[in-house]
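All chains are named by letter (A, B, ...) in the order of the sequence lines, taking the proteins before the strands, and each is independently numbered beginning at 1.
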Amino acid sequence: MAKSKKSTAKQEIPKEKLLHMHKLMCNIRNFDEKVNYMVKRGQVPGMTHFSVGEEAANVGAIAALSEGDLITSNHRGHGQTIAMEIDLNEMMAEIMGKATGTCKGKGGSMHIADLDKGNLGANGIVGGGMGMAIGAALTQQMKKTGKVVMCCFGDGAVNEGTFHETMNMASVWKLPVIFYSINNFYGISTPISSVINIDYNYQRACAYGVPGHLIEDGNDLLAVYNKFVELVDYVRSGNGPVLVESLTYRWHGHSTSDPGKYRTKQEVDEWKKKDPIVKYKNYLVENNLATEEELDEIDRKSLDAVEASVKFAMESPEPTLESAFEDIFAD
Amino acid sequence: MAKSKKSTAKQEIPKEKLLHMHKLMCNIRNFDEKVNYMVKRGQVPGMTHFSVGEEAANVGAIAALSEGDLITSNHRGHGQTIAMEIDLNEMMAEIMGKATGTCKGKGGSMHIADLDKGNLGANGIVGGGMGMAIGAALTQQMKKTGKVVMCCFGDGAVNEGTFHETMNMASVWKLPVIFYSINNFYGISTPISSVINIDYNYQRACAYGVPGHLIEDGNDLLAVYNKFVELVDYVRSGNGPVLVESLTYRWHGHSTSDPGKYRTKQEVDEWKKKDPIVKYKNYLVENNLATEEELDEIDRKSLDAVEASVKFAMESPEPTLESAFEDIFAD
Amino acid sequence: MSVRDAIILAMSEEMRRDENVFLMGEDVGIFGGDFGTSVGMLQEFGKERVRDTPISENAISGCAIGAAMTGLRPIVDVTFMDFIVYMMDNIVNQAAKTRYMFGGKGQVPVVFRCAAGSGVGAAAQHSQSLEAWFTHIPGLKVVAPGTPADVKGILKSAIRDNNTVIFLEYKAQFNMKGEVPLDPEFTIPLGKAELKREGKDVTVVTYGRMLERVLQAADQVREADGVSVEVVDLRTLIPLDKEAILNSVKKTGRVLLVNDAHKTGGFIGEIAAMIAESDAFDYLDGRILRLAAEDVPVPYNAKLEAAMLPSVERIKKYILKLVNKR
Amino acid sequence: MSVRDAIILAMSEEMRRDENVFLMGEDVGIFGGDFGTSVGMLQEFGKERVRDTPISENAISGCAIGAAMTGLRPIVDVTFMDFIVYMMDNIVNQAAKTRYMFGGKGQVPVVFRCAAGSGVGAAAQHSQSLEAWFTHIPGLKVVAPGTPADVKGILKSAIRDNNTVIFLEYKAQFNMKGEVPLDPEFTIPLGKAELKREGKDVTVVTYGRMLERVLQAADQVREADGVSVEVVDLRTLIPLDKEAILNSVKKTGRVLLVNDAHKTGGFIGEIAAMIAESDAFDYLDGRILRLAAEDVPVPYNAKLEAAMLPSVERIKKYILKLVNKR
Ligand SMILES: Cc1ncc(C[n+]2csc(CCOP(=O)(O)OP(=O)(O)O)c2C)c(N)n1
Ligand SMILES: Cc1ncc(C[n+]2csc(CCOP(=O)(O)OP(=O)(O)O)c2C)c(N)n1
Ligand SMILES: [Mg+2]
Ligand SMILES: [Mg+2]
């Protein structure tokens with residue numbers, strides 16, 4: 001099973017794309033930090049999970065997809081959704097429960113979706129998106145669209161039975177789907193090492209006759225991106241599914257309220273030193289692929305966009321009571 | 001992953017045990033052929049699944065257990081139950097739905113259990129016994145009984161999510177449980193090769209960090225027995241679970257009614273030539289471990305016992321209507 | 001035509017009509033389905049569209065839902081309804097809620113065909129009618145037709161519906177025969193009950209497997225006792241045709257509810273409650289009676305198994321009790 | 001003491017009393033439970049008996065059942081009740097039926113503690129009260145206490161019971177406070193309702209989360225409108241204390257049923273049906289009214305979420321409607 005290559009842009013990624021990926025990482029960081037800020041002040045009404053620290057693992061993977069490809073995600077879906085370039089205004093409005101939100105205020109953080117852009121939705125059930133992912137892949141196969149599906153989940157999710165059943169079905173039917181385990185080392189408080197008896201999740205690929213891949217530095221945007229370019233190509237070519245795992249870390253608690261006793265401050269600080277955005281910035285600057293000013297400017301604009309989204313959300317109306325009774329059935 | 005040894009009795013199995021295992025195989029064969037005969041004549045009221053052809057895979061495994069060890073089984077549970085030395089009268093009565101049956105006529109073929117003897121029951125749900133098995137193993141571990149649990153299922157059952165979750169939990173907690181896949185090459189009409197993308201089920205052990213074992217000739221009683229002696233010892237010693245697979249074949253249809261179009265007569269006939277009982281008899285006689293007469297006499301007695309069980313069942317009363325309303329809750 | 005053939009015909013017609021429709025499930029291919037409900041379809045439609053699956057109910061249901069969200073229209077053969085236990089997340093937390101949670105985007109047109117009920121000596125884990133679970137979940141439709149023609153018409157509508165539909169078929173009735181329209185455009189709208197008998201003395205509301213017995217009982221009491229029974233056959237449980245039920249109750253003032261699921265927590269309890277809170281309450285001349293399967297796991301023994309269900313005799317007795325004839 | 005502390009106390013007392021009792025579930029250890037309902041227990045009882053699990057609801061429930069069949073007495077922290085979808089086979093096809101299928105042998109003493117209901121802005125997949133599913137399955141007990149004292153007493157009885165018990169606790173009420181007896185031998189028998197208020201004009205039957213609102217409503221209408229409300233708090237749904245319900249209905253002749261689960265197919269429908277088929281029907285002075293959560297998936301927006309549930313105001317309105325006061 002192949003291991004990932006280190007940072008490199010030798011496949012000549014256009015500068016535009018390089019900067020765009022930086023922007024997306026900034027968007028995730030700034031958006032989630034802002035939401036976290038508001039959560040702490042009681043300005044967000046519901047449960048949220050943040051992708052801060054996991055920006056590279058999200059952006060690098062999704063940047064390797066093409067127009068028309070699809071994803072499913074999980075409760076920690078902000079990173080993927082933003083990488084799929086959802087409208088930030090609508091996303092913020094949704095998290096604040098407003099009528100202008102992605103889901104008209106009825107879904108919230110755990111259910112942000114964008115079907116038109118191929119995002120089949122975040123999911124509150126661990127493993128809940130896996131079945132959908134292989135089904136979406138079956139559609140691509142039967143309709144011969146040439147599109148692939150990326151199924152994103154955490155490390156703890158690999159212990160759900162649905163992981164096993166869907167991996168196997170995808171393998172047997174050679175479905176165009178990438179199973180992507182974003183390993184942040186914990187499922188809530190539970191270290192992944194205490195709930196599997198192998199070293200890595202990607203090794204489970206052996207049980208399904210599919211290739212397994214590890215991206216050891218999931219905070220290295222280009223390592224993630226390069227690996228995914230290769231895997232997306234493999235899957236799109238009709239070879240069936242793959243299982244891939246990135247190692248990364250979440251900076252914040254599991255969810256809105258998390259006493260955090262299960263990991264040390266030291267461990268968290270170590271990981272903060274491996275900040276994926278700083279790492280990427282340094283790489284671009286050191287290799288003369290972008291200037292610090294350019295990158296900071298992108299970050300500033302991103303911050304502005306996030307602030308604008310808050311304004312948009314704040315000024316948006318609450319959903320009407322009647323709207324609660326709509327959208328249950330399709331015509 | 002170790003492969004099985006061929007027939008051998010060099011671990012000096014006492015003659016009594018050798019003959020006893022023959023008797024148990026005859027009991028399974030004779031019992032199920034008799035039930036099949038009655039099913040065809042409409043004398044059996046419900047759904048049944050037969051172990052004919054799979055006698056060695058059942059008896060060899062269970063004969064390696066000790067007093068106090070436990071098993072769970074599946075819909076095709078006759079073989080295991082008889083190997084666990086259930087009372088044949090009560091078993092036949094149960095299959096005929098009589099008040100004197102193992103389950104008072106309320107469970108039938110798919111729910112025969114004998115909790116006192118450590119048989120936690122057949123199960124109508126594919127994979128339904130796996131959770132129970134690891135739970136029973138947890139009890140042995142927490143109470144330090146030194147007993148092990150054998151969890152029996154088919155080949156198709158490895159695609160249930162519960163297989164994955166229970167294997168993993170057993171591995172992580174080092175539970176004393178043997179996962180045993182009796183591979184008869186089909187789940188109803190579906191060839192196992194069409195629903196997994198690896199060669200054998202036992203190879204899935206890799207996903208859980210547990211040893212996987214293949215018994216290539218699951219119709220060779222002593223090959224099965226010897227392997228299980230080794231595995232039971234390994235598991236009893238506190239090393240955690242194993243996954244083991246025997247290759248065998250069912251002679252009859254999946255269940256009571258089965259058009260059988262999914263496999264050729266030729267294939268079935270080939271397997272009948274590999275009759276586990278004939279193979280074992282030949283081995284014993286050729287190695288002067290028993291005479292043909294002795295063995296035939298055992299077979300005859302077994303037939304008598306089966307006939308007696310039919311008589312017992314026939315003469316037994318139907319359960320009363322009131323009994324249907326009993327046994328729902330424990331006091 | 002038998003119920004079995006009506007099912008095959010309905011699916012086949014819809015698969016001819018719409019290439020997005022396909023069938024998936026365990027042993028639906030060469031085996032022709034655990035209950036023979038897809039015999040011959042592999043030959044006509046091929047392996048892609050009559051799709052044998054691993055024994056993986058969770059993946060089957062999840063795959064169907066994902067396929068439906070992206071443009072296909074899967075029919076899932078659940079086989080024994082009891083196995084739906086392994087599909088609950090996909091049906092309840094995903095399919096039923098997706099559109100709502102996404103603010104009205106997306107749809108999940110899947111039909112889950114479930115072989116329900118007792119009657120084949122398969123005991124407690126293979127004999128359940130679990131429709132009540134799904135009627136409780138907003139976002140799902142639930143149907144249970146009781147004649148071969150209704151089976152065909154309702155199944156076709158279920159396949160054409162853009163929502164997830166739980167379709168009950170009864171293992172004890174696959175061989176039940178009746179007239180079935182052969183017109184491929186024959187459908188029966190979901191949400192419409194049918195008066196299978198008109199009457200003025202007593203209303204009996206039922207659906208699915210029990211319809212057959214209710215009709216026998218109704219005909220017999222009419223003949224023998226001169227009691228005129230109105231039989232309201234729901235066919236669809238969700239959406240529920242409340243109007244049909246309430247109109248009949250207002251007309252007769254007496255009502256008996258019958259289903260083959262366990263009594264406690266069964267769907268007929270919902271109907272009783274719905275009547276008791278409506279204006280039809282004021283028309284009632286007596287208690288709202290229920291007849292259902294006894295609250296015990298289904299026993300294996302054939303006599304006990306049969307005795308756990310409402311019989312024609314008991315249905316008659318209850319009807320007569322309502323009109324004080326006995 | 002809060003409901004949360006009552007749960008911790010009940011479990012801890014029982015674990016001290018009986019070494020076979022243990023707790024298992026996701027994050028019950030150092031995290032102290034998703035809702036803090038096992039804070040401190042790891043420290044007292046250690047990792048063997050306060051057992052963190054993988055995210056494997058099927059294995060958790062199966063393991064608990066197998067352990068129970070062989071002599072242990074597990075308590076499972078299901079956390080959000082919505083996740084019980086992955087436990088359905090083990091609970092419904094195995095735990096509920098094992099003893100019956102085996103002809104009266106074996107028992108499965110497991111308590112499944114389920115955090116039910118809405119109220120924390122967690123939307124449709126984290127807010128369900130699914131008790132109706134389990135009340136429909138013979139062989140299971142179902143309980144839903146509504147005060148800290150009842151939580152303690154009922155949970156202790158559930159742990160001591162030799163059957164599988166589905167225990168509902170409400171995420172919106174973990175901080176609710178009340179007097180709780182500290183006597184380790186204090187228990188409340190399963191199957192006994194309690195008259196939380198005696199009254200003569202109207203009966204309100206409720207359980208679980210809605211009790212608090214019903215009591216407020218009852219007190220307010222007594223005060224403001226002079227209506228005397230009898231509040232029957234079921235606490236246990238299965239086995240159901242029918243006598244307590246029917247006696248009260250016979251006394252008052254008017255009845256309102258309230259729960260926080262969806263209306264259609266909810267357990268109060270069963271209660272309405274039970275009343276309407278009983279001799280209490282003849283004592284009824286008016287329709288049997290129900291108030292329940294609306295039949296929509298639980299929306300995220302806090303105002304909508306709140307509006308989907310029966311409010312104190314609406315409960316009062318329905319009570320007054322029954323006595324024709326408004
Ligand atoms: C079926 C189910 N079980 C449990 C939960 C509660 N839960 C939410 S997130 C989570 C941990 C998930 O861990 P992981 O997959 O590693 O994702 P992460 O949160 O670390 O990104 C758990 C147990 C759930 N939402 N769904
Ligand atoms: C959960 C569930 N799904 C499907 C079935 C129907 N079913 C009964 S036996 C069987 C095949 C099992 O195959 P295998 O595990 O290989 O056992 P075998 O019958 O070959 O011994 C199936 C699909 C079931 N009983 N339970
Ligand atoms: Mg994680
Ligand atoms: Mg098999």
Chain A contact via D/Asn58 - which portion, at a heavy-atom distance below 4.5 Å: neither

Please confirm whether A/Lys34 makes a cation-pi placement over A/Phe31, using NZ or CZ under 6.0 Å from the six-membered ring centre and within 45° of the ring normal. no

Quick check on D/Phe83 against chain A: is it the side chain, the backbone, both or neither that has a heavy atom closer than 4.5 Å? side chain

At a heavy-atom separation under 4.5 Å, does A/Asp327 approach chain D through its side chain, its backbone, both, or neither? neither

Does a donor on one side chain and an acceptor on the other come within less than 3.5 Å for D/Gln125 and D/Asp82? no

Heavy-atom pair count under 4.5 Å with chain D, highest-scoring of A/Thr320, A/Val126, A/Thr48, A/Ile125: A/Ile125

Donor + acceptor pair across side chains of D/Ser118, D/Arg209 (<3.5 Å): yes

Relative to chain D, which of A/Gly187, A/Ser189, A/Gly161 shows the most heavy atom pairs under 4.5 Å? A/Ser189

Which bit of D/Val296 comes within less than 4.5 Å of chain A, counting heavy atoms only: side chain, backbone, both or neither? both

If you look at every heavy atom in A/Glu160 and D/Glu57, which pair is closest and at what distance? OE2-OE1, 2.7 Å

For the residue pair A/Ser109 / A/His49, report whether a side-chain donor-acceptor contact shorter than 3.5 Å exists. no

Pick one of side chain, backbone, both or neither for D/Asp295, based on which atoms fall under 4.5 Å of a heavy atom in chain A. backbone

Between A/Arg76 and A/His254, is there a side-chain donor-acceptor contact under 3.5 Å, judged purely by atom types and distance? yes

Report which part of A/Thr162 has an atom under 4.5 Å of a heavy atom belonging to chain D: side chain, backbone, both, or neither. side chain

Please tell me if the side chains of D/Phe80 and D/Asp34 come closer than 4.5 Å, counting only heavy atoms from C-beta onward. yes

Please determine, among A/Lys261, A/Glu94, A/Glu318, the option with the most heavy-atom pairs under 4.5 Å with chain D. A/Glu318

For A/Lys117, does the NZ atom have more than 12 heavy-atom neighbours from other residues, nucleotides or ligands under 6.0 Å away? yes

A/Ile328 versus chain D, the contacting section by heavy-atom distance below 4.5 Å: side chain

Among the listed options A/Ala324, A/Ser255, A/Gly128, the residue most often paired with chain D at heavy-atom distances under 4.5 Å: A/Ala324

